Amino acid sequence: MTEKKDGSSGSIHAMGHALLDRLNGPQKAAASHVEGALLVLAGPGSGKTRVMTHRIAHMIGQGVPAWEIVALTFTNKAADEMKRRLAMLVPGQKVWAGTFHKFCATLLRRYASLVGLKENFSIYDRDDQRKALKQAIEEAEVELFQYTPDEIANKISWAKNQLISPEEYTARPGDPLGSLVERTYEAYQRRLLEANAVDFDDLLYHVARLIRDHEDLRRALDQRFKYILVDEYQDTNLVQYMIVRGLSIDHPNLAVTGDPDQSIYGWRGASLNNIMEFEQDYPDVEVVRLEQNYRSTHAILSVADQLIRNNAYRKHKELFTENQGGTAVKLVHYSDHRDEADRIADQILDAVQEGRRQARDFAIFYRVNALSRTLEQALRRRGLPYQIVNGLEFYQRREVKDILAYLLLLNNPQDDIAFERIINVPARKIGKTTVGHLRRHARQYRMPMIDAAREALTIEGLSPRSAKMVAQFVSLYDELSPLVTQPVEELMGQVMVKTAYRDLLANSDKEEDQQRLANIDELLSAAREYDDEVGEEGGLEGFLEQASLVADTDALHTENDKITLMTLHAAKGLEFPCVYIVACEDNLIPHSRSKNDPDQIEEERRLLFVGITRAEEELQLSLAHYRTLRGSDFPTSASPFLLELPREQMDVRDMGLGSRFDLPDFMPETDVEMTFETPWEGDADFSADSSPEEEVYDDQGAKSGKGGSKKKKSGSGGHKLLTAAQMAGESVSRRVDPELFQFGMLVSHPEYGSGKIVALSGRGLKRTASVDFFDGSQKKFRLAFATLQPISAAD
DNA sequence: ATTCGCAAAGTTTTT
DNA sequence: CTTTGCGAAT
């Protein structure tokens with residue numbers, strides 16, 4: 001994220017005694033703590049990360065070996081930020097910092113055999129998990145009646161979070177769903193083990209069980225990781241608690257930071273009790289409260305504070321700031337959703353046009369994703385650039401998952417989910433029936449499906465035609481198999497070519513497929529980056545693990561000059577100069593589904609608190625008299641939380657009902673550069689009109705297309721020809737810049753003739769291209785030295 | 001094996 | 001208003 005304005009980079013003060021000088025009193029107290037338990041109750045914007053990193057640096061300065069320190073976070077982003085700052089504070093010191101899941105994955109690879117896995121296990125995301133579960137349900141011959149696999153999955157997940165094994169799981173009498181789980185949980189877990197795979201929950205679950213059930217191992221790990229730090233401790237669940245607890249018995253040097261007021265993931269199993277009862281768990285704990293806020297104005301902080309005081313289950317903090325009062329927090333009542341969006345967009349447009357603000361200074365938060373649409377339209381009609389943080393992540397896209405499935409299967413031949421995903425992708429005339437036969441055979445003889453495929457000819461009921469197709473797939477697999485030791489980029493490139501996956505997309509004239517092509521090329525560059533980063537070691541397994549555990553690192557580019565739209569949940573951990581929180585209405589926040597349970601109401605209040613405290617300088621809360629949501633239009637009532645705010649200090653306005661029916665549609669009053677010609681509402685193909693280099697919107701899957709028809713990013717992928725200038729330049733100079741060569745490019749070689757680049761790997765002088773020549777031969781070239789000439793760009 | 005059409009349901013989702 | 005899932009029809 002952006003650098004804190006209190007100068008928290010700290011890089012200049014890395015040395016000795018000066019290290020803690022720039023911290024305030026409580027920060028210093030926390031950072032200079034070394035032995036024993038520490039609880040840092042950190043209010044929003046109180047410099048928590050700064051304290052953690054300085055504490056680590058201080059510990060190292062006190063002679064603690066870096067490798068005895070582990071810092072656990074929930075997100076990769078938080079971990080990366082911590083590493084970045086540590087690299088400046090204590091250069092060259094290898095402190096292990098990463099997510100819980102990554103930490104557990106690493107441990108589990110080492111001790112896989114203790115839980116019946118092999119070290120090359122696959123990690124299943126929700127999608128794969130669902131598939132495995134459905135299979136398990138089928139195989140256990142359980143009739144679901146009205147229940148869905150999702151409900152079962154949630155219960156299983158819950159059980160794992162309670163550290164309950166399939167054997168231990170017992171349904172309460174008269175709990176029909178529970179008894180279904182009782183019968184499926186075991187089958188599901190067996191299925192995972194047979195596939196040598198784990199789901200996200202398992203990563204934590206297996207490690208927690210190991211620690212609990214193998215005292216010798218627990219002791220060894222406790223010894224190895226003498227100093228443990230946990231960030232966002234209020235979000236830990238029971239399993240995480242057990243892990244951390246188990247590793248801090250002989251060496252109870254456990255430092256946790258968090259803020260009970262920012263716990264918003266209770267619904268996912270996070271247990272606020274962990275932080276609330278930390279002092280009971282570690283009686284000798286030192287408790288530090290970070291109450292000074294460096295982020296927000298007094299006006300904003302005071303609103304936040306007033307709100308959160310209404311929660312009963314919390315640890316009170318006297319939040320304060322030395323920042324100036326700032327402008328009053330606005331609370332605006334609009335007539336309807338459209339008015340709300342338009343007026344907000346107007347405000348932003350004004351500020352940007354007048355040069356007071358940049359687009360990137362603004363963020364708009366909402367409780368549910370469905371609320372984003374109106375805002376998008378309003379911004380779009382004004383030509384204001386925005387980005388949405390949500391949904392369809394890169395690694396979830398079908399084409400990306402397909403390619404990854406090939407790699408997964410190559411890395412872990414037991415991975416039947418991966419096998420089934422790709423056996424007929426691209427289409428090989430291997431249909432449901434054939435796959436069914438393979439699966440039955442595989443289960444019957446307890447073998448992976450790839451091995452069953454090898455015996456296709458012997459499988460009864462499988463037509464010779466089908467068997468032949470399967471055999472072809474097997475030989476494809478065997479052809480790719482020896483390449484697993486190659487750099488990932490090379491391997492992936494070969495997969496794309498040998499499977500004809502790439503050609504399939506390249507030869508399609510559907511725009512959608514062109515987008516897909518661009519995506520797999522992006523995957524290819526992810527592989528390349530990985531190869532560069534890890535060098536020789538790491539390998540395929542590391543890449544796959546990263547792909548599973550890294551949601552999408554660059555979902556949010558703050559360097560882009562764009563307005564950010566996101567849910568309140570997604571806003572946690574971020575900060576913006578100007579924040580809008582829309583639809584502060586009853587049944588939205590608190591959400592109607594949370595209103596029965598007082599605990600959930602408190603969580604909703606925390607959610608609003610989190611939103612408010614993201615704002616640095618300006619904050620506006622808004623609501624509408626009428627809201628159109630999901631097609632229906634209804635009158636609203638204000639969120640009860642608004643009544644808890646110090647409205648006398650705020651700028652409260654009612655923009656009235658009257659305007660509701662005579663509001664003209666937005667008309668651009670001025671022509672500025674950033675206003676695009678958009679005669680058709682919601683139907684503008686902006687990127688086509690703007691510079692092809694610059695994407696205007698970070699829209700998910702090309703939102704600017706009309707009514708579901710997907711549109712590709714202009715200028716990416718596709719049929720590019722080299723410019724005349726490039727061609728001319730190349731024909732003169734014999735060698736070409738190695739970076740110019742692209743995947744799929746046609747090239748010519750003085751000796752071998754023409755061919756196509758089917759793989760690329762390495763960087764700089766080592767950058768190597770594999771070329772399939774049209775005479776059938778394949779050669780590899782060091783691009784810096786080869787006399788290879790591009791004929792045309794990719795495809 | 002894709003495509004179409006209809007019904008149903010829609011809170012939030014760090015890994 | 002959307003998206004999504006399933007069953008039926010090319």
Side-chain angles (χ1 to χ4, degrees), chain A residues 72-81 98-105 123-126 129-130 134 148-150 154 157 160-161 198-205 231-232 234-237 239-240 258 262-270 337 365-374 377 389-393 395-396 424-435 510 545-553 555-556 566-574 583 587-595 600 603-604 606-608 610-611 627-633 682 701 703 707-708:
Chain A
L72 297 171
T73 65
F74 280 84
T75 66
N76 290 295
K77 199 166 152 194
D80 290 344
E81 175 64 8
T99 65
F100 265 102
H101 287 83
K102 172 72 184 160
F103 178 71
C104 289
I123 300 172
Y124 283 173
D125 64 14
R126 252 194 78 214
Q129 180 194 340
R130 276 255 276 312
K134 277 183 183 163
T148 65
D150 260 355
N154 287 338
S157 176
K160 287 179 179 177
N161 281 312
V198 298
D199 61 26
F200 283 144
D201 295 321
D202 279 339
L203 286 171
L204 306 176
Y205 167 85
D231 192 20
E232 306 278 19
Q234 78 280 358
D235 287 334
T236 49
N237 62 22
V239 187
Q240 288 157 336
Q262 294 182 63
S263 162
I264 55 175
Y265 285 106
W267 52 276
R268 280 181 64 182
H337 73 121
F365 304 150
Y366 34 81
R367 175 67 238 266
V368 300
N369 283 310
L371 291 166
S372 72
R373 174 146 274 115
T374 325
Q377 284 172 358
V389 181
N390 76 348
L392 299 168
E393 286 168 15
Y395 284 102
Q396 298 272 49
N424 196 35
V425 174
R428 302 188 176 85
K429 304 237 151 65
I430 301 175
K432 257 208 306 237
T433 330
T434 308
V435 175
K510 283 194 210 150
E545 181 168 304
Q546 184 178 303
S548 317
L549 297 183
V550 172
D552 55 341
T553 36
L556 187 66
M566 59 183 150
T567 62
L568 285 162
H569 281 90
K572 198 172 87 163
L574 306 177
N587 293 322
L588 276 169
I589 182 157
H591 195 274
S592 54
R593 297 211 179 185
S594 301
K595 295 195 6 176
Q600 286 189 53
E603 182 154 313
E604 296 280 317
R606 291 193 291 266
L607 192 53
L608 186 56
V610 165
R627 179 144 318 258
T628 310
L629 193 59
R630 299 203 253 275
S632 62
D633 191 35
K703 279 215 166 66

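Owing to the predicted nature of the structure, the values given are computational and were not obtained by experimental measurement. Each chain gets a letter, A, B and so on, in the order the sequences are listed, and its residues count up from 1.
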Partner residues of A:F74 under the ring-ring contact (aromatic ring centres under 6.0 Å, His included) criterion, sequence neighbours left out: A:F100
Ring-on-base stacking B:dT12 with A:W267 (under 5.5 Å, under 30°): yes
Atom-to-atom span, CZ of A:R373 to C1' of C:dT3 - whole angstrom: 10 Å
5' priority, DNA chain B, between A:F74 and A:Q600 [closest heavy atom]: A:Q600
Crowding at NZ, A:K595 (>12 non-hydrogen neighbours, <6.0 Å): yes
Interatomic distance, A:N76 CG vs B:dT15 C1' [rounded to whole Å]: 8 Å
Any donor-acceptor N/O pair under 3.5 Å between B:dT11 base and A:R593 side chain: no
Contact letters for nucleotides 5-10 of chain C, in which S counts primed atoms plus P, OP1 and OP2 and B counts the base, heavy atoms under 4.0 Å: ------
Touch class at under 4.0 angstrom, heavy-atom based, for A:F100 against every strand present: nothing
Nucleotide nearest A:R630 (side chain, heavy atoms from C-beta), chosen from B:dT15, B:dT2, B:dT11: B:dT11
Partners passing ring-ring contact (aromatic ring centres under 6.0 Å, His included) against A:Y205 (at least two apart in sequence or in another chain): none
Euclidean distance, atom CE of residue A:M566 to atom C1' of B:dT12 [Å, nearest integer]: 14 Å
Distance in angstrom units between A:D150 CG and C:dT3 P, rounded: 19 Å
Integer-rounded Å distance: B:dT12 P and A:R268 CZ: 13 Å
For A:K134, all residues meeting side-chain contact (heavy atoms from CB on, under 4.5 Å), sequence neighbours excluded: A:P149
Value in whole Å for how far the P atom of B:dG10 lies from CG of A:L371: 16 Å
Sub-4.5 Å side-chain heavy-atom contact between A:T73 and A:E232: no
Whichever of A:G431 and A:S594 has its nearest DNA chain B nucleotide further upstream toward 5': A:G431
Sugar-phosphate only, base, or nothing, as touched by A:D235 at under 4.0 Å among non-hydrogen atoms: base
Nearest-angstrom distance, P atom, C:dG5 to B:dT12: 15 Å
With A:H591 via ring-ring contact (aromatic ring centres under 6.0 Å, His included) - residues at least two apart: none
Is_stacked (A:H569, B:dT12) at 5.5 Å, 30 deg: no
Nearest-Å distance once atom C1' is located in both C:dT3 and B:dT14: 25 Å
Sequence-distant partners of A:R130, salt bridge (charged side-chain N to carboxylate O under 4.0 Å, His left out), two or more places apart: A:D150
Atom pair distance, as rounded to whole Å: CG in A:D80 and P in B:dT14: 16 Å
Donor-acceptor contact below 3.5 Å, side chain A:N76 vs main chain A:G98: no
Euclidean distance, atom CG of residue A:N369 to atom P of B:dT12 [Å, nearest integer]: 5 Å
